[in-house]
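Inspection log for the structure reproduced underneath, given as structure tokens.
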Amino acid sequence: FFGIWPFFLWTPEMQWLMTMLYDTMQYYASLFYYLVSNGSFEKCPYFADRLQAKCQVYSVAITLGYLWGKKHYRAESLAEDMRVNFRNVAIPGTGIALS
């Protein structure tokens, strides 16, 4: 990434951009690690120094990878229950439905 970024445009105030890109890459790498590689929480190399971020990504991975297709107490699956729950929900002021 640094090779294609023109250094004359870089300023110290743009550190937020690098942090955002790094965190985004860690997020998707963590999801890949949990969902595709079937990795464990204890051995995950991503967000090693940020427990809250690591827990949040793990909870998303568990929801998508494990619970999404499982039988739910109100519906055939968690996915179906989410679709039913969000059927009547819209983005405020737009009328755009979430499902």
Side-chain angles (χ1 to χ4, degrees):
F1 179 79
F2 290 106
I4 62 172
W5 186 258
F7 284 107
F8 62 88
L9 295 177
W10 178 260
T11 63
E13 293 81 22
M14 293 177 63
Q15 183 62 37
W16 63 270
L17 177 65
M18 295 307 294
T19 302
M20 178 192 69
L21 291 173
Y22 181 72
D23 287 349
T24 302
M25 288 180 356
Q26 280 202 82
Y27 174 79
Y28 286 110
S30 296
L31 283 180
F32 182 86
Y33 174 80
Y34 291 129
L35 296 174
V36 178
S37 303
N38 202 22
S40 69
F41 180 81
E42 293 82 16
K43 294 181 180 178
C44 181
Y46 307 103
F47 295 114
D49 57 339
R50 295 165 57 189
L51 183 60
Q52 183 177 1
K54 189 174 179 180
C55 289
Q56 288 176 339
V57 175
Y58 185 70
S59 71
V60 169
I62 289 294
T63 301
L64 294 176
Y66 180 71
L67 298 175
W68 197 251
K70 296 277 185 189
K71 178 120 176 86
H72 190 63
Y73 72 98
R74 291 186 304 211
E76 288 298 314
S77 67
L78 177 61
E80 182 61 30
D81 186 58
M82 296 281 280
R83 278 192 284 279
V84 170
N85 285 340
F86 288 121
R87 183 177 46 211
N88 295 324
V89 178
I91 299 173
T94 65
I96 299 172
L98 289 179
S99 65

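For the single chain, residues carry numbers from 1 onward in sequence order.
Shown here are the ring pair (Phe, Tyr, Trp, His ring centres under 6.0 Å) partners of Tyr58, two or more places apart in sequence or in another chain: Tyr34, Phe41. Scanning for side-chain hydrogen bond (donor to acceptor under 3.5 Å, both in side chains) contacts around Asp23 gives Arg50, with sequence neighbours left out. Looking at residues two or more places apart in sequence or on another chain, you find a salt bridge (charged side-chain N to carboxylate O under 4.0 Å, His left out) between Lys71 and Glu76.
Closest approach of Met82 and Trp68 over heavy atoms only: CG-CZ3, 4.1 Å. What you find for Ser30 and Val57 is that their closest heavy atoms are CB-CG1, 3.4 Å. The minimum heavy-atom distance linking Glu42 with Lys54 is given by the pair O-NZ, 4.2 Å. A pairwise comparison of heavy atoms in Asp81 and His72 identifies OD2-NE2, 3.1 Å as the closest pair.
Taken together through direct or relayed side-chain contacts under 4.5 Å among Ile, Leu, Val, Met, Phe, Trp and Tyr, Leu67 and Leu64 form part of one hydrophobic cluster. Tracing side-chain contacts under 4.5 Å through hydrophobic residues (I, L, V, M, F, W, Y), one never reaches Met25 starting from Met18; they form parts of separate clusters. In terms of hydrophobic clustering, with Ile, Leu, Val, Met, Phe, Trp and Tyr side chains grouped at heavy-atom distances under 4.5 Å, Tyr22 and Met20 are assigned to different clusters.
For the side chain to side chain contact (heavy atoms under 4.5 Å, CB included) criterion with Leu21, the lone passing option out of Thr19, Leu17, Thr24 is Leu17.
For the atom pair CD1 (Ile62) and SG (Cys55), the distance works out to 11.5 Å, reported to the nearest 0.5 Å.
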Asn85/Arg74 under side-chain contact (heavy atoms from CB on, under 4.5 Å): CA gap, chis, key distance, verdict:
CA-CA 11 Å; Asn85 285 340; Arg74 291 186 304 211; 3.2 Å; yes

